[in-house]
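To keep things clear, I will list the structure first and then write my remarks on it.
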Amino acid sequence: MPQYREFKKLDLPQIDQEILTFWNKEKIFQKSIEGRSEDQSFVFYEGPPSANGKPGIHHVMARTVKDLFCRYHTMKGQRVERKGGWDTHGLPVELKVEKELGITKDDIGTKISVEQYNLECRKAVMRFKEMWDDLTRKMGYWADLDNPYITFTNDYIESVWSLLKILHSKKLIYKGYTIQPYSPAAGTGLSSHELNMPGAYKDVSDTSAVAQFEVINDEKSAAIFEGNAAGGLYILAWTTTPWTLPSNVALAVGQKINYAKIATYNPYTKEPVNLIIAEDLLSKWFKQDQAEADYESYSSEDKLIPYKMLGNYSGSELEGLRYHQLLPYVQPVDGDAFKVVTGDFVSTSDGTGIVHIAPSFGADDMRIGRQNGLGSLTLVDKQGKFVDEVTDFAGRYVKDYKDEENYRDVNIDISIKLKEENKAFNVQKYKHNYPHCWRTDKPILYYPLDSWFIKASAFRERMVELNNTINWKPTHTGEKRFGNWLENLQDWNLSRSRYWGTPLPLWRTEDGTSEICIGSISELTAEIKKANDILGLTQSVPEDLHKPYIDEVILVSGDGQAMKRESDLIDVWFDSGAMPFAQWHYPKANHEIFKNNFPADFICEGVDQTRGWFYSLHAIGSMVMDSVAFKNVVSTGLVLDKDGVKMSKRLGNVIDPFETLSKYGADPTRWYMMTNAQPWDNLKFDVAGVEEVRRKFFGTLYNTYSFFALYANIDRFSFEQSYIPLKQRPEIDKWIISLLNTLVSNVDRDYADYEPTNAGRAIQSFVEDHLSNWYVRLCRRRFWKGDYNQDKISAYQTLYECLETVSKLMAPIAPFFGDWLYRNLNQASGREKYESVHLALIPNVDEASVDKALEERMDYAQRISSLVLSLRKKESLRVRQPLQKILLPILDQRFKEQVQSVEDLILSEVNIKEIEYITDTAGVIKKRIKPNFKTLGRKLGKDMKAAAQAIEGLTQNEISEIEKSGNYNLSINETNYQLSLEDFEISADEIPGWQVASDGDITVALDITITDILKSEGIARELVNRIQNIRKQNDFDVTDRINVAISDHELVQNAVHSFSEYIKTEVLADHLKLSSEVTGHEVELVEDVTINVLASRV
RNA sequence: AGUCUCGUAGCUCAGCCGGUUAGAGCACUACACUGAUAAUGUAGGGGUCGGCGGUUCAAGUCCGCCCGAGACUACCA
């Protein structure tokens, strides 16, 4: 018969190795997929990582979550394919290459050809693939590494194009311009990624100005002009970028904000003026004494400038007012201008409550401009200089972009001009947070740039609707973070002016009248042929669809004009969001596969992907398929260092995943990550925690298995006897099986609900607290004592079943150890046909074996034992010393019956002869009464406090009265309340004359009298213990029989005399004798008494 | 700056519908145990549950404000 494998010690990294080799050799991963039917599929999408950087410990986190649910569903009998993937395009790749080559974006096309550059990117992008694959294997992440999808392949690009074509044909793709961060110093637009680089936002001190915009007196404004004091009527607007003032086309007010009209004098020109400003902000610009000063008697020499209130207007009343252009260099031709509009973003937290609008230089401004049909002015060029039309400032940089010598801030000069022309109300330095270009360290500006867009906003409501059907873990990420984002969804800026990425498949005629979107290579082939024919060219489809080759392709419009490709690339997020389609090269191929694999049942990535991959998947799914792209999504938190600080190379607190895996093994790492905190909370990663998991959980489980293996091998237990019905098993077996089934049911539910932490913790608590620390400890003797009888077989079967079930339940989180344990059991017993736990199924719950009453009484047994042990401890009575009895007050019959049926367990656990149950006769037990707040609170309300006091003051007699009659009449503040037994919590408090210990409603007293016979038995047990130690020291086998000789000391005489048989059985001795001449080990029996013991093998 | 999340013992975390001694593990201290032993048990110290206010008979739990940490978003003028 095969033996259960036995080990010297627990070596988890070694187990990883062994199981990895086994998986490889037997192709377990493939079998786990192929063994499941295709119509039982569970669809998982792998979010593609970028292999141009090394994997970190946080990747182990997300991948553990991914892996465990895929494994779980496999073990539920589903077919779970996991196609790996690589994200290969995009800015991070380009930046890295540029850094390595020591070039900047400007050098591309000059110092290095685009061809060469893209070649470098292509080389760089898979640089760490091997390392990633290695990590994947070592951490036990099952994914198909041999057939990954790769975003830079022609097939992938073709699929992406086909999606764009679908969107294009739905008229969802348009060219427009948006306001984007732009670095005049570097001459390039910046991505939000670049703007989010650390240090990009800096506190800077800028010249800010409050400008006076003079309102035109016309029909519309007549009402506002009414009651004016001397001087013109001006609206005040504040800006930190005076250089945008020449491009001003509107002023925005808040619809619901209240504005005041006041009369005062301009602080620079001293001219009388009427000003409009948000009422709440008056105090920001005017002091109390200015309000109190007399407006009429002001003269220009006075220091104090008075003001007086003239009227109040709401924002809506101001809407539509016209004003004279502030700095009339150029007027817009593409729309209306110089009027007051309303904007929802206007607040009164800063400035004047009125916002100056220059659509070319602000995203909000642009948006509000579009909404109101405003024109725009762009009086600054791409170098950041004023254009010629701005006569007096023409050619001057709006910020110091070039480190010019004697650079003079043009904003100051503009402010001076405004002051002189009675157009400035206030000019001062203002400190604020402003983004800077990470490369040049110069302030960026926001500039209108041409872009291609997807009209995602048209699907806003549908996306929100679909999102509500997605199961998000945690909920708030989906409802709040993602949901809020969708509700404010803007169009998707698709284009990127870069080099290494999927080219936009759009060709346009010079004048923009004709455009074509290419959706496939065959279409491109046809179009090229057409162009060749008409334009007389000899081009062909490029072998590589990237720049620069694709840019060389000229197509032809319906009317015979040449069409050139729009030179932009597409956003990489579109690449990754296209993976449900593109990973199968759909729609060019694999229609059936695609149909079976859309949408995903489950995806998982870090929270940082909420607006990234999660969004791009969702958006494309919604727009193209009118469907969610995934049904369940887990977003994992960040992995921080043990002090809660983000890991970074700079701080040197980065944890190398390979080191952790090889030192502790994959399973403890995974287990720690899943059970220490919910995976969506940030994890403070501390290797000490991994070590603790290894020791406590894996160590305990290993010990339990080792214990089982040791005795099962001796008894040659291999589960060959038929399964003993639970009814015929001892109480404790039924109990652990009941707990086990409860565990299976909970864990199965938790896994199904994407709650790995609860699942792991439940398994851990079962193994540590119940299986090892209670079941095995109490049952030890059943395994090593006596014949191979029904009781023993029952013990083996029970323990085996627990271990086997645990191996299955833990396998999703700890795939190596789970499989190792399963195989160790199964190979010896041959109980199941599966060669790996990952091919097995999560066991079914046997509802019939769950016995809550049994679980309750075992809980009593544990608590009572614990109380007795603590009493022993207080009295310094070691457990080996038997004691006669414990006293247990009983409050109701059920409790007594429950305890009685576990009495034996308690007695042997705490080494006591009997339990004396004491009922409440003659007031032996003193009781304590407490109100049951839950039931009483509802009844009594305000009287609760007084009632609690009254109840706690009840006498022993009154308490017994309540117990007997079952009700009590309580009168509080002249109100009578009829209370019943359930409104009280009565428990035993003390037994006068005895030492007691209590835990909740259980109270125990211990009889500490030691009779002679008890004392002898105690000594006998001490002897057994010493002899066992000697056996062990001598390296006897646990089954060896021995002869024993003991010094003839008076202390041991009685013990040996009365308990000879007991001692002999315990230590497997054939003979036991007392002798005056013993040459064995010298051992201390009790304090100050030393005897000699000789144990020799028969 | 906004949105979201979090704040419970020295550390990592539980704490369900609000209900009265606020728990567990680690660490620390002491004492036991030792046919599972690179384990284990018992006991002990350690908390104004981030702060303030509110709702309620009752708040760690619900509400508001503030402080602190983090993530995401951001030209708020």
Side-chain angles (χ1 to χ4, degrees), chain A residues 9-10 179 181 192 195-196 201 208 210 237-241 244 251-252 343 345-347 349-358 361-365 432-435 444-446 474 476-477 479-481 484-485 488 606-608 610-611 637-638 640 642 644 646 675-678 680-684 686 688-689 692 695-696 699-700 702-708 710-711 757 761 765 768 772-773 776-777 780-781 783-784 866 869-870 872-874 876 878-880 930-938 940-948 1025 1028-1029 1031-1032 1036 1038 1066-1068:
Chain A
K9 60 168 194 158
L10 174 61
I179 307 307
S192 56
L195 225 51
N196 275 327
Y201 279 83
S208 73
V210 176
W238 176 63
T239 179
T240 54
T241 52
T244 58
L251 293 170
F345 58 88
V346 180
S347 75
S349 58
D350 262 321
T352 61
I354 297 149
V355 180
H356 132 71
I357 300 292
F361 302 113
D364 276 340
D365 307 45
H432 65 152
N433 207 246
Y434 198 82
I444 60 127
L445 54 77
Y446 288 82
H476 58 79
T477 300
E479 274 177 12
K480 309 279 177 138
R481 187 183 278 219
N484 291 350
W485 154 267
N488 298 306
V607 263
D608 48 329
T610 312
R611 267 93 153 184
L638 271 76
L640 309 168
K642 66 185 168 72
K646 212 170 172 174
T675 58
N676 185 65
Q678 308 269 28
W680 34 85
D681 289 337
N682 288 350
L683 175 68
K684 293 180 189 168
D686 187 354
E692 186 183 325
R695 203 161 38 86
K696 287 195 70 77
T700 304
Y702 162 79
N703 275 341
T704 307
Y705 166 77
S706 298
F707 173 83
F708 168 83
L710 176 65
Y711 292 103
T757 310
R761 285 176 179 172
S765 150
E768 289 170 13
S772 166
N773 193 31
V776 172
R777 199 155 52 82
R780 271 180 296 191
R781 345 187 19 97
F783 292 90
W784 79 64
S866 166
L869 290 173
S870 89
R872 275 182 172 277
K873 154 82 186 158
K874 251 179 225 151
S876 304
R878 45 182 55 182
V879 180
R880 270 201 291 268
K930 269 188 348 187
N932 180 349
F933 285 91
K934 218 162 190 169
T935 62
L936 274 181
R938 214 167 299 138
L940 305 192
K942 279 197 198 310
D943 290 334
M944 189 61 227
K945 233 172 212 162
N1025 164 252
Q1028 298 288 30
N1029 284 346
R1031 284 187 63 118
K1032 213 166 142 190
F1036 292 176
V1038 288
E1066 284 297 313
V1067 303
L1068 300 183

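Every chain is numbered from 1, with letters handed out A, B, ... down the list of sequences.
Closest to the side chain of A:Asn484, from the set B:rA36, B:rU3, B:rC13, is B:rU3. Which of B:rA71, B:rG41, B:rC13 sits closest to the side chain of A:Leu869 comes down to B:rG41. Among the nucleotides B:rG35, B:rA39, B:rA14, the one closest to any side-chain atom of A:Arg695 is B:rA39. For A:Lys934, counting side-chain heavy atoms from C-beta on, the closest listed nucleotide (B:rA38, B:rC13, B:rC17) is B:rC17. Of the candidates B:rG35, B:rU5, B:rA71, the closest approach to any side-chain atom of A:His476 belongs to B:rU5. With distances taken from any side-chain atom of A:Lys480 to the nucleotides B:rC4, B:rC13, B:rA36, the minimum falls on B:rC4. In the set B:rG19, B:rC13, B:rG35, the nucleotide with an atom closest to the side chain of A:Asn676 is B:rC13. Checked against B:rA14, B:rA39, B:rG19, the side chain of A:Met944 finds its nearest nucleotide in B:rG19. Of all nucleotides listed (B:rA36, B:rG41, B:rC75), B:rG41 comes nearest to the side chain of A:Asn773. In this structure, the nucleotide among B:rC75, B:rA36, B:rG19 sitting nearest to the side chain of A:Ala363 is B:rC75.
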Please step through side-chain contact (heavy atoms from CB on, under 4.5 Å) for the pair A:Thr352 and A:Val210, ending with a clear verdict.
CA-CA 8 Å; A:Thr352 61; A:Val210 176; 3.9 Å; yes
Could you please spell out the steps behind the side-chain contact (heavy atoms from CB on, under 4.5 Å) verdict for A:Phe707 and A:Val776?
CA-CA 9 Å; A:Phe707 173 83; A:Val776 172; 3.8 Å; yes
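For the pair A:Lys684 NZ and B:rG70 P, the interatomic distance rounds to 11 Å; values are reported in whole Å. Distance, A:Leu683 CG to B:rU12 P: 11 Å, rounded to whole Å. Rounded to whole Å, the distance from CZ on A:Arg781 to P on B:rA36 is 11 Å. Look at CD on A:Glu692: it is 10 Å from C1' on B:rC11, rounded to the nearest Å. Between the P atom of B:rA36 and the CG atom of A:Leu710 lies a distance of 8 Å, rounded to the nearest Å. Note: CZ (A:Phe707) to C1' (B:rA38) measures 19 Å, nearest angstrom. Atom P of nucleotide B:rC13 and atom CG of A:Asp681 are separated by 8 Å, given to the nearest angstrom. Across the protein-nucleic acid pair, A:Asn1025 atom CG and B:rC33 atom P stand 8 Å apart, rounded to whole Å.
How far CG of A:Leu251 is from CD1 of A:Ile354: 7.0 Å, rounded to the nearest 0.5 Å. Between atom CG of residue A:Leu710 and atom CG of residue A:Asn703 there is a gap of 11.5 Å, rounded to the nearest 0.5 Å. In this structure, the separation between CG on A:Leu445 and OG1 on A:Thr241 is 9.5 Å, given to the nearest 0.5 Å. Going from atom OH of A:Tyr705 over to atom CG of A:Leu10 covers 12.0 Å, rounded to the nearest 0.5 Å. Separating the CZ atom in A:Arg761 from the CD atom in A:Glu768 is a distance of 12.5 Å, to the nearest 0.5 Å.
As judged by a 4.0 angstrom heavy-atom cut-off over every strand, A:Thr239 is placed among residues touching the sugar-phosphate backbone only. Among the protein residues, A:Arg777 comes within range of the nucleic acid bases, having at least one heavy atom under 4.0 Å from a base atom. No engagement by A:Arg872 is indicated, since no non-hydrogen atom pair under 4.0 Å with the nucleic acid exists. At a threshold of 4.0 angstrom between heavy atoms, the contacts of A:Phe783 with the nucleic acid are absent. Residue A:Ser208 is out of contact with every strand shown, counting any heavy-atom pair closer than 4.0 Å. As judged by a 4.0 angstrom heavy-atom cut-off over every strand, A:Leu638 is placed among residues touching the sugar-phosphate backbone only. A:Tyr434 comes within 4.0 angstrom of sugar-phosphate atoms only, judged by non-hydrogen atoms across all strands, and of no base. At a threshold of 4.0 angstrom between heavy atoms, the contacts of A:Gly362 include nucleobase atoms, whether or not backbone atoms are also involved.
Nucleotides B:rG54 and B:rG68 place their P atoms 23 Å apart, quoted to the nearest Å. Rounded to the nearest Å, the gap between the C1' atom of B:rG46 and that of B:rG25 is 15 Å. Nucleotides B:rC6 and B:rG44, compared at atom C1', are 32 Å apart to the nearest Å. Here the separation of B:rU40 from B:rC16, taken at their C1' atoms, is 32 Å to the nearest Å. Nucleotides B:rC52 and B:rA14 have their P atoms positioned 25 Å apart, rounded to a whole Å. Only the P atoms considered, B:rC66 is 16 Å distant from B:rU5, to the nearest whole Å. Nucleotides B:rA58 and B:rG70, compared at atom P, are 38 Å apart to the nearest Å. Nucleotides B:rU55 and B:rC76 have their P atoms positioned 39 Å apart, rounded to a whole Å.
Applying the Watson-Crick and G-U wobble criteria (two distances, each under 3.5 Å), B:rA24 pairs with B:rU12. Searching all strands for a Watson-Crick or G-U wobble partner of B:rU56 with both distances below 3.5 Å returns nothing. A 3.5 Å limit on both hydrogen-bonding distances identifies B:rA32 as the Watson-Crick or G-U partner of B:rU40. Across the strands present, B:rC6 finds its partner in B:rG68; the criterion is a Watson-Crick or G-U wobble pair with both atom distances under 3.5 angstrom. Remark: B:rG18 base-pairs with no nucleotide in the shown strands. Criterion, Watson-Crick or G-U wobble with two distances under 3.5 Å. When both distances must be under 3.5 Å, the Watson-Crick or G-U wobble mate of B:rG45 does not exist. In this structure B:rA1 sits in a base pair with B:rU73, meeting the Watson-Crick or G-U test at under 3.5 Å.
Residue side chain A:Trp485 fails the stacking definition with respect to B:rU73, as its ring centre and the base's six-membered ring centre are not both under 5.5 angstrom apart and under 30 degrees in plane angle.
Within the structure, a side-chain polar atom (N or O) of A:Arg780 is placed less than 4.0 Å from OP1 or OP2 of B:rA36.
A donor-acceptor contact under 3.5 angstrom links the side-chain atoms of A:Ser772 to the base of B:rA36.
Each of A:Gly699 and A:Asn682 was matched to the nucleotide of RNA chain B holding its nearest heavy atom; the match closer to the 5' end belongs to A:Gly699. For the pair A:Glu1066 and A:Lys696, nearest-nucleotide mapping onto RNA chain B gives the more 5' position to A:Lys696.
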